Amino acid sequence: MNTVFAAPVFDTSVIFEGKELFKGKSAAENWAKKLGAELDCVTTVEKIGTGWAICGNVDGEDCVWAILGQRLKKISRD
């Protein structure tokens, strides 16, 4: 089974406050579309410090995703 969470994220990233974020808005938007389609939810991108993260609501829970080890990973806003 193919999942967006197993796909490697080779887009350029930046580290901000210990979180690996997308460097470019368009790269984050492309991954947000894939993630939204897989999770069947609306996703957006948000600037966090010097990078971009993916935001969405899954099963009533607000979630934020960034990059960890070239994979998408849910992170906390803190």
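Everything quoted here is computed from the prediction, not taken from an experiment. When a residue number appears, it is its place in the shown sequence, counting from 1.
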Discussion item. Between Glu20 and Ser13, is there a side-chain heavy-atom distance shorter than 4.5 Å?
Written reply: yes

Worksheet item: What closest approach, in Å, do Cys55 and Val64 show between heavy atoms, and which atom pair accounts for it?
Response: SG-CG2, 4.2 Å

Worksheet item: What's the shortest heavy-atom distance between Asn57 and Cys41, and which atoms?
Response: O-CB, 3.5 Å

Worksheet item: Looking at CG of Leu35 and CG of Asn30, how far apart are the two atoms once the value is rounded to the nearest 0.5 Å?
Response: 12.5 Å

Worksheet item: Mind checking whether Phe22 and Ile54 have side chains closer than 4.5 Å, heavy atoms only?
Response: yes

Worksheet item: Is Ile67 linked to Ile75 within one hydrophobic cluster, defined over Ile, Leu, Val, Met, Phe, Trp and Tyr using a side-chain heavy-atom separation of less than 4.5 Å?
Response: no

Worksheet item: Considering all heavy atoms of both residues, which atom of Ser76 and which atom of Lys19 are nearest to each other, and what is their separation?
Response: O-CE, 2.9 Å

Response to the item:
Looking only at heavy atoms, the pair that brings Trp31 and Ala7 closest together is CH2-CB, 3.8 Å

Item to complete: Kindly give the heavy-atom pair with the smallest separation between Ala53 and Ile48, and that separation in Å.
Response: CB-CD1, 3.6 Å

Worksheet item: Taking NZ, NE, NH1 and NH2 as the nitrogens, is one of them in Glu61 or Lys74 under 4.0 Å from a carboxylate oxygen of the other?
Response: yes

Worksheet item: Does the side chain of Thr50 reach to within under 4.5 Å of the side chain of Leu21, using non-hydrogen atoms?
Response: no

Worksheet item: Do you reckon Val45 sits in the same ILVMFWY cluster as Phe5, going by side-chain contacts under 4.5 Å, direct or chained?
Response: yes

Worksheet item: Would Lys34 and Glu38 count as a side-chain contact (heavy atoms from CB on, under 4.5 Å) if you check the C-alpha gap in whole Å, the side-chain angles of each, and the deciding distance to 0.1 Å?
Response: CA-CA 6 Å; Lys34 295 175 189 177; Glu38 181 163 328; over 6 Å; no

Fill in: Sub-4.5 Å side-chain heavy-atom contact between Val9 and Arg71
no

Practice prompt. Would you mind reporting whether Leu72 and Val4 have side-chain heavy atoms less than 4.5 Å apart?
Written response: yes

Worksheet item: From Phe16 CZ over to Lys47 NZ, what is the distance, rounded to the nearest 0.5 angstrom?
Response: 9.5 Å

Item to complete: Start with the C-alpha distance between Val14 and Trp52, add both sets of side-chain angles, then the distance that settles side-chain contact (heavy atoms from CB on, under 4.5 Å), and finish with yes or no.
Response: CA-CA 9 Å; Val14 294; Trp52 294 88; over 6 Å; no

